[in-house]
Amino acid sequence: MIRIATWNVNSIRQRLEHLLKWLKDASPDVVCLQEIKCVDEAFPREPIEAMGYTVVTHGQKTFNGVALLSRLPFDETKPRLAGDDEDVQARFFEGVVPLKRGVLRIGCLYLPNGNPPDTEKYPYKLKWMSRLTAYAKERLANEETFVLAGDFNVIPDARDVYDARAWMGDALFLPQTRERFQALLNLGMTDAVRATTDAAGQYTFWDYQAGGWAKNNGIRIDHLLLSPQASDRLANAGIDKHLRGWEKASDHVPVWVDLDLEAA
DNA sequence: ATGACTACTCCCAGTAGA
């Protein structure tokens with residue numbers, strides 16, 4: 001069994017103790033982190049490596065930044081999403097882990113927020129989603145075990161938000177945003193949490209403001225999308241909601257899948 | 001309700017997040 005998780009930590013330096021405790025508790029094999037909010041040199045890799053993880057980071061000063069952690073050795077790792085050489089924002093890292101049969105390819109992503117929608121931020125989000133779809137299409141053609149995991153900044157469905165009306169005009173829930181997310185699924189990717197439950201309220205984010213956590217005013221925006229070869233092996237999926245109750249929590253919580261696969 | 005909270009930054013009021 002291989003456990004793959006994604007977590008927007010909202011600053012790795014603020015969240016290191018939480019990460020170390022959660023790694024011990026949840027014992028994931030591969031972890032996709034977003035919003036590390038530091039340059040590569042400032043990433044606290046040593047305590048994570050001491051727990052047996054290989055660490056690769058693509059950071060930038062102040063904002064964004066992603067990292068891949070793995071207890072299984074990488075064949076390859078590659079930062080940046082193809083399709084726009086001008087894009088300097090650190091939002092993507094791909095890793096490939098050898099399996100007994102074939103490989104496991106993981107794309108760790110931090111999709112742009114896109115708010116406010118009447119600024120250049122929204123077209124940047126939509127373009128980024130198109131680049132992601134082109135990338136996924138290319139990878140799916142290889143018929144590999146392939147997982148896209150990260151903070152998608154997309155609320156897929158009214159079931160995934162505490163008050164759909166309040167979010168109608170938000171970049172995370174606009175029809176064009178949801179259509180582009182659906183386009184990814186239409187390629188043949190499976191939303192892992194949705195493959196295990198139809199229930200509403202499977203939230204992964206609660207805003208710091210206005211008592212979001214206390215009122216359970218959450219949204220589901222962190223996702224793991226599985227290729228057919230991966231979804232065939234889906235054993236379980238879950239959301240580690242309890243971390244939101246920890247002191248000085250990230251506003252996002254980890255989401256994970258267990259895939260019935262054997263590492264090489 | 002021009003807010004609320006958290007984290008970042010040439011240090012501290014402005015920006016970003018979602």
Side-chain angles (χ1 to χ4, degrees), chain A residues 6-19 22 32-44 57-67 87-92 108-129 132 149-178 180-181 193 200-223 239 241 243-255:
Chain A
T6 177
W7 187 15
N8 179 324
V9 290
N10 186 11
S11 168
I12 187 60
R13 288 174 291 179
Q14 292 296 321
R15 226 63 62 200
L16 180 62
E17 293 312 311
H18 285 198
L19 176 69
W22 171 75
C32 301
L33 298 179
Q34 303 88 36
E35 283 207 88
I36 62 173
K37 288 189 171 178
C38 65
V39 293
D40 295 333
E41 299 72 38
F43 190 94
T57 64
H58 182 215
Q60 69 179 85
K61 195 177 167 185
T62 314
F63 308 121
N64 309 321
V66 291
D87 186 0
V88 295
Q89 299 191 28
R91 295 181 174 276
F92 189 85
C108 166
L109 65 107
Y110 176 45
L111 210 148
N113 175 298
N115 279 307
D118 61 350
T119 66
E120 73 291 341
K121 293 186 176 191
Y122 193 56
Y124 172 64
K125 176 181 192 145
L126 294 180
K127 186 179 179 198
W128 210 95
M129 293 184 85
L132 183 64
D151 176 357
F152 283 68
N153 271 314
V154 176
I155 301 167
D157 195 274
R159 291 172 295 177
D160 301 315
V161 51
Y162 64 94
D163 180 358
R165 287 183 62 96
W167 286 78
M168 289 294 238
D170 193 280
L172 280 64
F173 196 53
L174 279 170
Q176 284 190 78
T177 306
R178 289 190 280 154
R180 274 178 168 76
F181 184 77
V193 165
Q202 304 298 300
Y203 305 140
T204 66
F205 169 93
W206 295 260
D207 202 294
Y208 289 123
Q209 300 188 59
W213 170 241
K215 297 176 187 166
N216 194 30
N217 285 346
I219 53 179
R220 188 172 76 95
I221 56 175
D222 301 273
H223 309 295
I239 301 169
K241 182 177 176 177
L243 271 75
R244 190 62 181 80
W246 288 1
E247 195 170 339
K248 287 201 72 203
S250 169
D251 38 8
H252 298 250
V253 296
V255 186

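Everything numeric in this text was worked out from a predicted model, so none of it was measured. Every chain is numbered from 1 and lettered A, B, ... according to where its sequence line falls, protein lines coming before strand lines.
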Checklist entry - When you compare B/dA4 with B/dG17, how far apart are their C1' atoms, in angstrom units rounded to a whole number? => result 14 Å
Checklist entry - Rounding to the closest angstrom, what is the interatomic distance between B/dC11 and B/dT15 at atom C1'? => result 15 Å
Item to check | Nucleotide-resolved protein contact map, nucleotides 8-18 of chain B, B/S/- at heavy-atom distance under 4.0 Å | outcome: SSS-----SBB
Checklist entry - Backbone N or O of A/Leu172 within a donor-acceptor pair of the A/Asn153 side chain at under 3.5 Å? => result no
Next on the checklist: Distance check, C1' atoms only: B/dT6 and B/dC12, in whole angstrom units.
Outcome noted: 15 Å
Item to check | Between P of B/dC5 and NZ of A/Lys215, the distance in whole Å | outcome: 11 Å
Item to check | Side-chain N or O of A/Arg15 closer than 4.0 Å to phosphate OP1/OP2 of B/dT6 | outcome: no
Checklist entry - What integer number of Å spans the P atoms of B/dA13 and B/dT2? => result 23 Å
Next on the checklist: Checking side-chain polar atoms at under 3.5 Å, does A/Tyr208 have a donor or acceptor matched by the opposite partner on A/Trp213?
Outcome noted: no
Next on the checklist: I need the A/Ile155 CD1 to A/Ile219 CD1 distance, nearest 0.5 Å.
Outcome noted: 4.0 Å
Next on the checklist: Please give the distance between the P atoms of B/dA16 and B/dA1 as a whole number of Å.
Outcome noted: 26 Å
Item to check | Distance, P atom - from B/dG14 to B/dC10, rounded to whole angstrom | outcome: 16 Å
Checklist outcome for this item: Residues passing the salt bridge (charged side-chain N to carboxylate O under 4.0 Å, His left out) test with A/Asp87, sequence neighbours excluded, are A/Arg131
Checklist entry - Does NZ or CZ of A/Arg220 lie under 6.0 Å from the centre of the six-membered ring of A/Phe205, at an angle within 45° of the ring axis? => result no
Item to check | side-chain contact (heavy atoms from CB on, under 4.5 Å) partners for A/Gln209, two or more places apart | outcome: A/Asp207
